[in-house]
Amino acid sequence: MKLYNILTQSVEPFEPQEPEAVTIYVCGITPYDTTHLGHAFTYTAFDILIRYLEFQGYDVRYVQNVTDVDDDILRKAREVGENWMVIGDRWTAHFIQDMQTLNVRPPDYFPRATDVISQMIETVEALLDAGYAYESDGSVYFHTAAWPEYGKLSRIPRAEMLPIANEHGNVPDDPKKRDPLDFVLWQAQAPGEPAWDSPWGAGRPGWHIECSTMSAHYLGATIDIHGGGADLVFPHHESEIAQSECATGQQPFVRFWLHTAMVHHEGEKMSKSLGNLVMARDLLTTWSPDALRLYLGCHHYRDAWEHGDEALEHAEALAQKLRRAATAAGGHSPPVDPTPKRATFVEAMERDLDTRAAIAVLEALAEEILDGSEAGREVKAAQDTLRNLGDVFGLRLDAGEPDPRVVAGWDEHLRRFEKSS
RNA sequence: GGCGCCGUAGCCAAGGGGUAAGGCAAGGGUCUGCAAAACCCUGACCGCUGGUUCGAGUCCAGCCGGCGCCUCCA
């Protein structure tokens, strides 16, 4: 399979480190608000990648984090006068329910940031020992000037980073930093904020450290694939690379970096700050999960696209056609041979996940089945293939309900988020 | 400003040197008591200007236009 790796800016043949297993990490949500269509796009896109890898026989080990303590959640907690943990648990449960409805394969590990505080402290200590970080008045910072490779993912020239950052009104005047570009690994407790004990005093983890820590902890120092939304490239993923490669001393931290494009609505990027959000859950009151998955799959993961009802109507019609094909009665005339369609489907997916082309193959196969059924031909083998290929897209066809394994896997994660709410 | 993506029919698009897939919409038709569905038929100065070439959506250069990201974000 070929995948576009933004690290090398080229489509490269993908081979995992181990011949039969793939390690993948996808940046998760900050649970302080609801799951919108952009989240659904990202997580179903990586779900398709993971399901396709499994379809090809790989054993996939998948980690997704939950950023349950950060500036946004704490701000939200102050705004609404609620405990930050209650907010995090509530919105994580909400996210999980949406993932279940969409039949998204659960990650094998779904840790909160606060589940790995001690491991994060160890990462920060490793960075201090290696000389890439410094402690300053109870906080610890990554010293970007100490690592010349900072910028290799986003390719922003070093000289540009600081002026750009300053232009954007960010406050480079934290007196505790040596360099305004340095980012925090551990921040000393602010009044009223939650804190954990550390060698540098009470505080909480910085913005990027959880992903570096979890990735190494659950998957190893070098992983095959790291995914997330394209808006995370800089500084989040850039900083993750710096932390991980400096802390473990091993390169690369990630072999393939994959990013999903942003979903647009009303002509602008769908974003919390612009207020043009479309909630996955609201769409699911009108459209079937299969239709929504086909709708999302009809857009290539690297192409930005505009949300609109017309394409959803098309997707719903397609979902119905696939469902009809999966259940059409067969006869005894010569069978419909699904082999060529299966090969075309695989060819499309091998080409950097050309999901649009792959869905077109599903539709063509469904039409062959419907035609064959009408002509009294045997369609069982073709229907088995349709189900098999549809499963790569997480389609349930006539099953109606999400896959029981999907529900059970997420339910197990869900239990850990229901205690405080 | 930097980095990146992209301009192909009304819309979504495939194709990445050999003479323009497909889908939606629109119009016409078949079928139907009417309608729907289904099926058939109908559409392109490939952003502009140069260059390379026997031949350029396709490669190169330059321009024009759109979009994304740039320590809030999937």
*asked:* Anti or syn, where syn is a glycosidic angle within 90° of 0; which label fits rG22(B)?
replied: anti
*asked:* Taking any heavy-atom pair under 4.0 Å as a contact, classify A261(A): base, sugar-phosphate, or nothing.
replied: base
*Testing I209(A), V124(A), T248(A) for side chain to side chain contact (heavy atoms under 4.5 Å, CB included) with Q243(A), which one passes?*
I209(A)
*Identify whether any heavy atom of H36(A) sits under 4.0 Å from a base atom; if not, whether one sits that close to sugar-phosphate; answer base, sugar-phosphate or nothing.*
base
_Gap in Å between the two P atoms, one belonging to rC69(B) and one to rA26(B), rounded_ = 34 Å
_Distance, P atom - from rU8(B) to rC59(B), rounded to whole angstrom_ = 15 Å
*Mind checking V184(A) for me? I need base, sugar-phosphate or nothing, with any heavy atom below 4.0 Å counting as a touch.*
nothing
*asked:* Regarding G228(A), tell me which of base, sugar-phosphate or nothing describes its non-hydrogen contacts under 4.0 Å with the strands shown.
replied: sugar-phosphate
*asked:* Just to be sure I understand the rule, does G227(A) reach a base, reach only the sugar-phosphate, or reach nothing, if contact means heavy atoms closer than 4.0 Å?
replied: nothing
*Looking at every strand, decide which applies to Y43(A) at a 4.0 Å heavy-atom threshold: base, sugar-phosphate, or nothing.*
sugar-phosphate
*Is rG68(B) in the syn range, within 90° of 0, or in the anti range?*
anti
_Under 4.0 Å, counting only non-hydrogen atoms across every strand here, what does F183(A) touch: a base, just sugar-phosphate, or nothing?_
nothing
